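Values below: every heavy atom of this structure, side chains too, minus hydrogens, waters and symmetry copies. Since this is a predicted model, take the numbers as computed values, not measurements.
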Amino acid sequence: MLNRINLTTLITASFALLIVLLLLASGLAINATSSLYQRLDDTINGSAERVRLSAQVRSNILTTSGLVRKLILTTDEAEMRKLLSSIDQEKVQYQDRYARLLNIISPENKASLEQINSDVQRYFDIAVRIADFSLLNSNQKAMALSSGEGASGPAGYR
């Protein structure tokens with residue numbers, strides 16, 4: 001039967017089979033590439049979001065530390081109340097960012113983040129106590145508290 005198939009038919013069939021195989025391979029390659037791009041996009045965007053939120057959380061902590069220092073040094077009650085309001089705003093922003101960061105962080109890092117949060121919450125509590133003392137015109141007590149229990153801030157943020 002192969003004797004009856006002429007050479008042009010055999011070459012045409014071979015090229016047709018080759019084209020079908022090339023289309024099949026191209027389709028599989030495009031599918032694999034789009035899957036790769038999707039995974040890469042998820043990884044990059046997730047990492048970028050974690051880094052961005054981590055930087056914002058750190059900024060909240062450092063800003064709060066600066067506000068507490070200003071609060072201790074000021075003697076004007078109106079200025080103290082403005083600073084206390086700013087500290088409260090920083091705390092709200094921190095808590096929102098912490099909650100979002102907790103949702104996207106890897107499970108092995110959650111314990112560390114929760115420990116940092118515990119330290120930061122304690123620092124915010126100390127800041128409120130310092131503000132209370134400062135508003136009572138008791139800057140000596142506020143400075144003593146600041147230089148003792150609350151001076152260093154949360155662990156890792158000195």
Side-chain angles (χ1 to χ4, degrees), residues 19-158:
I19 289 173
V20 168
L21 289 175
L22 282 174
L23 288 175
L24 180 65
S26 297
L28 291 173
I30 289 171
N31 186 25
T33 303
S34 68
S35 174
L36 175 68
Y37 281 136
Q38 181 63 38
R39 281 184 280 151
L40 185 61
D41 191 44
D42 291 344
T43 301
I44 290 172
N45 287 340
S47 295
E49 179 70 8
R50 281 190 298 273
V51 168
R52 185 182 65 79
L53 280 172
S54 296
Q56 288 174 341
V57 163
R58 186 173 192 275
S59 174
N60 286 127
I61 294 167
L62 294 175
T63 301
T64 300
S65 179
L67 291 170
V68 169
R69 287 186 189 115
K70 287 180 184 177
L71 185 69
I72 292 170
L73 296 175
T74 190
T75 57
D76 181 35
E77 187 174 332
E79 182 66 20
M80 286 181 190
R81 294 202 185 281
K82 278 199 268 186
L83 290 169
L84 190 54
S85 173
S86 296
I87 290 171
D88 288 340
Q89 289 173 357
E90 289 294 323
K91 183 176 181 177
V92 168
Q93 285 180 352
Y94 165 79
Q95 289 170 336
D96 174 57
R97 291 170 177 164
Y98 167 76
R100 288 188 288 152
L101 186 59
L102 192 60
N103 288 332
I104 62 173
I105 201 162
S106 62
E108 58 270 5
N109 291 329
K110 280 192 180 190
S112 297
L113 184 62
E114 288 168 352
Q115 178 60 47
I116 291 170
N117 181 55
S118 173
D119 292 342
V120 170
Q121 290 301 327
R122 196 169 59 245
Y123 186 68
F124 277 121
D125 292 341
I126 291 169
V128 169
R129 288 175 34 203
I130 290 171
D132 290 342
F133 285 134
S134 294
L135 285 171
L136 291 172
N137 278 334
S138 180
N139 283 338
Q140 290 84 11
K141 289 182 184 177
M143 284 185 193
L145 179 63
S146 172
S147 65
E149 184 179 349
S152 61
Y157 291 98
R158 296 183 177 95

| request: Apply the test side chain to side chain contact (heavy atoms under 4.5 Å, CB included) to residues Gln56 and Arg52: give CA-CA distance (whole Å), side-chain angles for both, the deciding distance (0.1 Å), then the verdict. | output: CA-CA 6 Å; Gln56 288 174 341; Arg52 185 182 65 79; 3.0 Å; yes
| message | Let's go through Ser112 and Asn109 carefully: what are the C-alpha distance in whole Å and the side-chain angles of both, what is the deciding distance for side chain to side chain donor-acceptor pair (under 3.5 Å) to 0.1 Å, and is it a yes or a no? | response | CA-CA 5 Å; Ser112 297; Asn109 291 329; 5.3 Å; no
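Judged purely by atom type and a 3.5 angstrom limit, Thr64 uses its side chain to pair as donor or acceptor with the backbone of Asn60. Without hydrogens or angle criteria, Ser59 side chain to Ala55 main chain gives no donor-acceptor distance under 3.5 Å. Between the side chain of Ser26 and the backbone N or O of Leu22, at least one donor-acceptor pair lies under 3.5 Å.
How far CD1 of Ile87 is from OG of Ser65: 9.5 Å, rounded to the nearest 0.5 Å. From Gln121, atom CD reaches atom CD1 of Ile116 across 12.5 Å, with rounding to the nearest 0.5 Å. Leu62 contributes atom CG, which lies 11.0 Å from atom CG of Leu67 (distance to the nearest 0.5 angstrom). Between the CZ atom in Arg58 and the CZ atom in Arg97 there is a gap of 14.0 Å [rounded to 0.5 Å]. The CD atom of Gln89 lies 5.5 Å from the OG atom of Ser86; values are rounded to the nearest 0.5 Å. Separation of atoms CZ (Phe124) and CG (Asn117) is listed at 9.5 Å; rounding is to 0.5 Å.
Salt bridge present: Asp96 and Arg100 bring a charged side-chain N and a carboxylate O closer than 4.0 Å. Ion pairing between Arg122 and Asp119 holds under the 4.0 Å rule for side-chain N and carboxylate O.
Of all the heavy atoms in Tyr98 and Glu114, the pair that sits closest is OH-CG, 3.5 Å. Nearest approach of Glu79 to Thr74, heavy atoms of both residues: CG-OG1, 3.6 Å. Looking at every heavy atom in both residues, Leu71 comes nearest to Ala127 through CD2-O, 4.5 Å.
A 4.5 Å side-chain heavy-atom check between Leu53 and Ile104 finds at least one atom pair inside the cut-off. At least one side-chain heavy atom of Lys91 sits less than 4.5 Å from a side-chain heavy atom of Asp125.
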